[in-house]
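Since the structure comes first, as structure tokens, the remarks are kept for the end.
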Amino acid sequence: MGRGITPLWRHRQREQFARAVDALPDDTDPEFADELAVVTLLREAATTSGPDEAARARMRERVLGASPPPPADLDRKRHRGGARGRLAVALAAALCLVFSLAGMSLLLSRDALPGDALYGVKRSAESASLGLTFGEESKGYKRLEFASARVSEMEVLADRYRDSGGGPLGGYLTALADFDADTAAGSRVLAAHGAASDRRVLDALRDWATSQTTRLGDLRGRLPADAAGRAGGSLDLLDRVARRAADLAARAGCATATAGGFDQVGPLPATGDCAAPPVEPGASATVVPTTPPPTTTAGGGPPTTAQATTSATAPPTGGGTTPRTSDPALPPPTPAPSVTVTPPLPLPTLTLPSLPLPLPGLGG
């Protein structure tokens, strides 16, 4: 016998005891006389010491009796509260599902190319980032960033379909159209800002147009025939942007830099002579004259007013040349400011009274 296994004789003994209990009180098995006597006592105690029939009836009525129904308004409130709770849970689950799908779509659309199903999601995300960009200059640079991304997408398309004729034509045409739109919008903003305040923006715009011209020119040979012809228009647009930035930068120091009109790539540069901008009254340079060293007269005293004025207004001698004004192209010389040096006030003369001094050897 294994551990934990009941022997067969134990099963037989239990079955015999169960049959003997069922046969009470008609038949008594002498083998289980003691055990059957205990069973008989327990049955008598149950009938004599237990509750009577009336108590049993009361207990049965109390346990099985139906409770009063709840009020109708309370049941209605519970039904409404349960419906609202289920509706709130359903709305929360729907919002979580929408946000999850939107996040996954944005994540998967980062590498989407023109013609892919998620390319529209990528462009929508770029529009949202442009709306969250503050400042006209920052928005202009953001537009140029989007245009550069279109060139990168076309490079990926050309590499992917290198052995199959260049790939779908619609993807290239979509990328070129978006490239032209972003390039023109960014050029208008940055050219206007650079012509008005900062020439460095014009230099950055010209350098960007030059670099994108090189990239698009190298890519043009790998595009399909129709897309290559359409890329020629984009190259012309880049050339116009570079020339416009250079023309506006050349007139950065002129009084009139723009002609007051706009076209596709930005403000039109002025065509007149480049005149220096007018100097504001408060912006002129202030000449601070230097005070000549004090001079003394022949007697060693301070100079007189006439001498100080003459020494201050006298022209410099030696080493200096006066520009000629006969040439009309040169501006007239600016006269040197006259400086009047006020002599120091004379010190008061202290007169001491004549006092008789005692001579040595004489009595005071």
Side-chain angles (χ1 to χ4, degrees), residues 97-133 136-191 204-245 262-266:
L97 179 61
V98 170
F99 288 148
S100 299
L101 292 177
M104 291 297 296
S105 300
L106 290 176
L107 183 62
L108 295 176
S109 66
R110 295 176 58 183
D111 298 330
L113 298 176
D116 294 345
L118 295 178
Y119 186 72
V121 178
K122 179 179 181 179
R123 293 291 290 159
S124 300
E126 290 178 352
S127 300
S129 65
L130 181 64
L132 296 176
T133 303
E136 294 298 325
E137 182 181 358
S138 299
K139 289 184 177 180
Y141 283 121
K142 181 68 73 174
R143 289 283 191 179
L144 299 187
E145 179 182 347
F146 294 158
S148 300
R150 304 291 84 82
V151 179
S152 300
E153 291 168 356
M154 288 187 290
E155 291 175 348
V156 174
L157 281 175
D159 293 338
R160 177 180 297 181
Y161 299 100
R162 180 181 306 174
D163 300 332
S164 58
L169 178 62
Y172 292 108
L173 296 181
T174 301
L176 288 172
D178 294 341
F179 173 82
D180 292 348
D182 290 329
T183 299
S187 176
R188 285 193 300 269
V189 173
L190 295 179
L205 178 61
R206 181 191 58 201
D207 295 340
W208 179 86
T210 303
S211 63
Q212 297 307 311
T213 300
T214 303
R215 292 181 62 191
L216 193 56
D218 297 338
L219 178 64
R220 187 179 182 184
R222 295 185 291 162
L223 300 179
D226 295 339
R230 176 63 180 79
S234 300
L235 289 174
D236 294 338
L237 177 62
L238 289 173
D239 183 64
R240 292 176 57 193
V241 171
R243 284 190 287 107
R244 183 62 53 84
F262 274 80
D263 63 357
Q264 184 184 7
V265 296

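Computation of the quantities below employed the complete heavy-atom set of this structure, encompassing side-chain atoms and omitting hydrogens, waters and symmetry-equivalent molecules.
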>> Check whether Y172 reaches the backbone of A228 with its side chain - one donor and one acceptor, N or O, closer than 3.5 Å.
In response: no
> Which residues pass the side-chain hydrogen bond (donor to acceptor under 3.5 Å, both in side chains) test with D239, sequence neighbours left out?
Replying inline: R243
> Who passes side-chain contact (heavy atoms from CB on, under 4.5 Å) against T133, sequence neighbours left out?
Replying inline: S138, K139, K142
>> So, using side-chain contact (heavy atoms from CB on, under 4.5 Å) as the criterion, who are the partners of A181 when residues are at least two apart?
In response: none
>> Test side-chain contact (heavy atoms from CB on, under 4.5 Å) on D226 and L173; report intermediate values, then the result.
In response: CA-CA 9 Å; D226 295 339; L173 296 181; 5.5 Å; no
> Can you name the side-chain hydrogen bond (donor to acceptor under 3.5 Å, both in side chains) partners of T210, sequence neighbours left out?
Replying inline: none
> Who are the side-chain hydrogen bond (donor to acceptor under 3.5 Å, both in side chains) partners of Q264, not counting sequence neighbours?
Replying inline: R240
>> For the residue pair R143 / S187, report whether a side-chain donor-acceptor contact shorter than 3.5 Å exists.
In response: no
> If you measure from CG on L205 to OG1 on T183, what distance do you get to the nearest 0.5 Å?
Replying inline: 9.5 Å
>> For a side-chain contact (heavy atoms from CB on, under 4.5 Å) check, start with the C-alpha distance between R160 and L113, then their side-chain angles and the critical distance, and finish with the verdict.
In response: CA-CA 11 Å; R160 177 180 297 181; L113 298 176; 3.5 Å; yes
> What pair of heavy atoms forms the shortest contact from S152 to R215, and how long is it?
Replying inline: OG-NH2, 3.0 Å
>> I'd like to know whether M154 forms a side-chain contact (heavy atoms from CB on, under 4.5 Å) with L176, so could you lay out the CA-CA distance, the side-chain angles of the two residues, the decisive distance to 0.1 Å, and finally the verdict.
In response: CA-CA 9 Å; M154 288 187 290; L176 288 172; 3.6 Å; yes
>> Rounded to the nearest 0.5 Å, what separates atom OG1 in T213 from atom CH2 in W208?
In response: 8.0 Å
> Between atom CZ of F179 and atom CG of L144, what is the distance when rounded to the nearest 0.5 Å?
Replying inline: 9.0 Å
> By side-chain hydrogen bond (donor to acceptor under 3.5 Å, both in side chains), which residues pair with E145, not counting sequence neighbours?
Replying inline: none
> Considering residues at least two apart in sequence or located in another chain, which fulfil the side-chain contact (heavy atoms from CB on, under 4.5 Å) criterion with D159?
Replying inline: R162, R222
> Which pair of non-hydrogen atoms, one from A231 and one from L223, has the smallest distance, and what is that distance?
Replying inline: CB-CD1, 4.2 Å
> Are the side chain of R244 and the backbone of A191 linked by a donor-acceptor contact shorter than 3.5 Å?
Replying inline: no
> What salt bridge (charged side-chain N to carboxylate O under 4.0 Å, His left out) pairs are there with at least one residue in residues 123-132, not counting sequence neighbours?
Replying inline: R123-E126, R123-D178, R123-D182, E126-R150
> Sequence neighbours excluded, which residues qualify as side-chain contact (heavy atoms from CB on, under 4.5 Å) partners of E137?
Replying inline: Y141, L190, H193, V201
>> Pair S234, Q212 - check side-chain contact (heavy atoms from CB on, under 4.5 Å), show working.
In response: CA-CA 10 Å; S234 300; Q212 297 307 311; over 6 Å; no
> Got a sec, which residues hit salt bridge (charged side-chain N to carboxylate O under 4.0 Å, His left out) with R230, two or more places apart in sequence or on another chain?
Replying inline: D180
